[in-house]
Amino acid sequence: MKSASFATLMQLLRNRVTFLTEIEQNKRIDEKIVSLLITSSIFFALYGAIIGSIQGWLQMLSSAFKLPALYLLTLLICLPTLYFLDIVLGSKRTFGQYVALLLSSMAMISVMLFGFAPVTLFFRLSINDYIFFQLLNILVLALTGIIGVKFFYKGMLALIEKDSVATTNRRKLVTAWLVLYGFVGSQLGWTLRPFFGMPEEPFALFREVESNFYIQVLKIIGNVFGLN
């Protein structure tokens with residue numbers, strides 16, 4: 001099962017046009033969904049374990065579970081909005097096609113994170129600076145997220161062009177939905193924290209809900225440049 005899942009992932013990486021064409025033609029959708037869910041969860045878990053290792057084993061295990069959960073929950077929260085609004089605007093696509101396309105972008109993000117894993121591990125082992133490590137990973141997560149979002153956006157536009165129904169409004173919908181997806185994902189990440197865990201503090205599965213993600217990023221940048 002795992003070898004078949006990785007074969008599907010490699011097909012996505014090596015021949016994205018064919019992969020997206022198969023989604024557009026509704027071919028092997030269930031197989032793609034299961035395979036991409038398995039492979040992306042494994043890669044997210046590995047990267048989560050690396051960033052959690054800065055505090056200890058408990059945080060490492062916690063982050064290995066929470067990072068895949070973050071991406072999957074963001075998808076589950078936002079997908080119904082895209083699906084039903086797009087259906088209202090004229091889409092004839094199935095729910096499975098939307099899920100497969102979104103999981104494809106998730107898989108792209110997870111593979112990119114896996115690619116950054118040696119770099120992140122290097123800084124984890126060579127620099128004892130929690131703030132720097134936190135900011136580095138925010139940048140890596142943002143960069144890989146942009147790559148995944150661009151992949152999804154191009155895939156959705158390809159489906160819309162094939163449908164030739166209300167293309168302008170559906171493009172606007174996809175753009176607006178991606179903004180929503182970004183807000184939900186970043187705030188959900190803030191809600192599920194800690195992913196890193198401060199080395200001098202005891203392990204905590206979750207922290208109290210306070211402030212928001214964007215204010216915290218500004219505080220971290222301020223700390224790095226000595227502005228706070």
Side-chain angles (χ1 to χ4, degrees), residues 1-45 67-114 144-189 192:
M1 183 65 187
K2 284 186 178 178
S3 60
S5 299
F6 281 101
T8 301
L9 178 65
M10 293 309 295
Q11 183 196 1
L12 168 65
L13 297 177
R14 288 176 172 163
N15 199 339
R16 292 187 290 278
V17 173
T18 301
F19 197 90
L20 291 175
T21 300
E22 288 188 359
I23 292 178
E24 187 266 326
Q25 294 173 346
N26 215 8
K27 288 183 178 177
R28 301 189 299 126
I29 292 296
D30 292 343
E31 178 187 328
K32 286 181 171 57
I33 289 173
V34 174
S35 298
L36 295 176
L37 186 59
I38 291 173
T39 52
S40 59
S41 296
I42 291 172
F43 287 140
F44 281 133
L67 195 61
L70 167 63
Y71 285 91
L72 186 58
L73 286 173
T74 304
L75 185 152
L76 291 174
I77 291 170
C78 296
L79 176 57
T81 306
L82 174 66
Y83 175 68
F84 288 112
L85 288 179
D86 207 24
I87 290 293
V88 169
L89 290 176
S91 172
K92 305 297 181 187
R93 302 295 173 183
T94 65
F95 190 74
Q97 286 175 294
Y98 286 87
V99 175
L101 187 56
L102 273 168
L103 283 175
S104 300
S105 65
M106 266 184 56
M108 290 292 290
I109 295 171
S110 71
V111 169
M112 294 299 109
L113 284 177
F114 188 65
T144 54
I146 290 170
I147 292 172
V149 164
K150 285 184 69 175
F151 177 80
F152 174 76
Y153 183 70
K154 288 181 179 178
M156 275 300 298
L157 291 191
L159 291 182
I160 290 171
E161 291 300 325
K162 291 282 184 181
D163 288 346
S164 301
V165 177
T167 55
T168 302
N169 289 335
R170 291 177 66 193
R171 284 177 185 166
K172 291 178 181 176
L173 169 65
V174 173
T175 302
W177 182 84
L178 285 174
V179 174
L180 173 70
Y181 182 83
F183 274 110
V184 171
S186 54
Q187 187 57 33
L188 183 60
L192 293 177

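What's counted below: heavy atoms across the whole structure, side chains too, no hydrogens, waters or symmetry copies.
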Show which side-chain atoms of residues 12-21 pair as donor or acceptor with protein atoms under 3.5 Å away, not counting sequence neighbours.
from  : atom 1 : to    : atom 2 : distance (Å)
Asn15 : OD1    : Thr18 : N      : 3.2
Asn15 : OD1    : Thr18 : OG1    : 2.9
Asn15 : ND2    : Thr18 : OG1    : 2.9
Arg16 : NH1    : Leu13 : O      : 3.1
Thr21 : OG1    : Val17 : O      : 2.7

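Counting all heavy atoms, side chain and backbone alike, Ile38 lies closest to Ser5 at CD1-OG, 3.7 Å. When every heavy atom of Ser35 is checked against every heavy atom of Ala4, the shortest pair comes out as OG-O, 4.1 Å. Across all their heavy atoms, Gly96 and Ile33 have their closest contact at O-CD1, 3.8 Å. Closest approach of Lys92 to Asp163, counting heavy atoms only: N-OD2, 4.4 Å.
Annotation: side chain of Ile29 is not in contact with side chain of Val99 (no heavy-atom distance under 4.5 Å). Looking at heavy atoms from C-beta onward, Phe95 lies in side-chain contact with Leu79 at the 4.5 angstrom threshold. Inter-residue side-chain proximity for Phe44 and Ile109 is flagged as met; some heavy-atom pair is nearer than 4.5 Å.
Shown here are the ring pair (Phe, Tyr, Trp, His ring centres under 6.0 Å) partners of Phe84, two or more places apart in sequence or in another chain: there are none. Among residues two or more places apart in sequence or in another chain, the side-chain hydrogen bond (donor to acceptor under 3.5 Å, both in side chains) test is passed with Ser186 by Tyr214. Applying the side-chain hydrogen bond (donor to acceptor under 3.5 Å, both in side chains) criterion to Lys27, with sequence neighbours excluded, gives Gln25. Residues satisfying the ring pair (Phe, Tyr, Trp, His ring centres under 6.0 Å) test with Phe151, not counting sequence neighbours, are none. A search for side-chain contact (heavy atoms from CB on, under 4.5 Å) contacts involving Lys162 returns Glu24, Arg93, not counting sequence neighbours. Looking at residues two or more places apart in sequence or on another chain, you find a salt bridge (charged side-chain N to carboxylate O under 4.0 Å, His left out) between Arg28 and Glu22, Glu31. Under the rule for a side-chain contact (heavy atoms from CB on, under 4.5 Å), the partners of Val184 that lie at least two apart in sequence or sit in another chain are Thr74, Ile77, Cys78, Leu180. When the side-chain hydrogen bond (donor to acceptor under 3.5 Å, both in side chains) test is applied to Thr94, the partners found at least two apart in sequence or on another chain are Gln97. Phe152 meets the ring pair (Phe, Tyr, Trp, His ring centres under 6.0 Å) test with Trp177; sequence neighbours excluded. A search for ring pair (Phe, Tyr, Trp, His ring centres under 6.0 Å) contacts involving Tyr153 returns nothing, not counting sequence neighbours.
A side-chain hydrogen bond (donor to acceptor under 3.5 Å, both in side chains) check over residues 98-112, counting only residues at least two apart or in different chains, returns the pairs Asp86-Tyr98, Ser91-Tyr98.
For the atom pair Leu103 CG and Leu72 CG, the distance stands at 7.5 Å (nearest 0.5 Å). Here Tyr71 contributes atom OH and Leu102 contributes atom CG; the two are 13.5 Å apart, rounded to the nearest 0.5 Å. Expressed to the nearest 0.5 Å, how far CG of Asn169 lies from NZ of Lys172 amounts to 6.0 Å. For the atom pair Gln11 CD and Lys32 NZ, the distance stands at 5.5 Å (nearest 0.5 Å). With values rounded to the nearest 0.5 angstrom, Leu173 atom CG is found 9.5 Å from Thr81 atom OG1.
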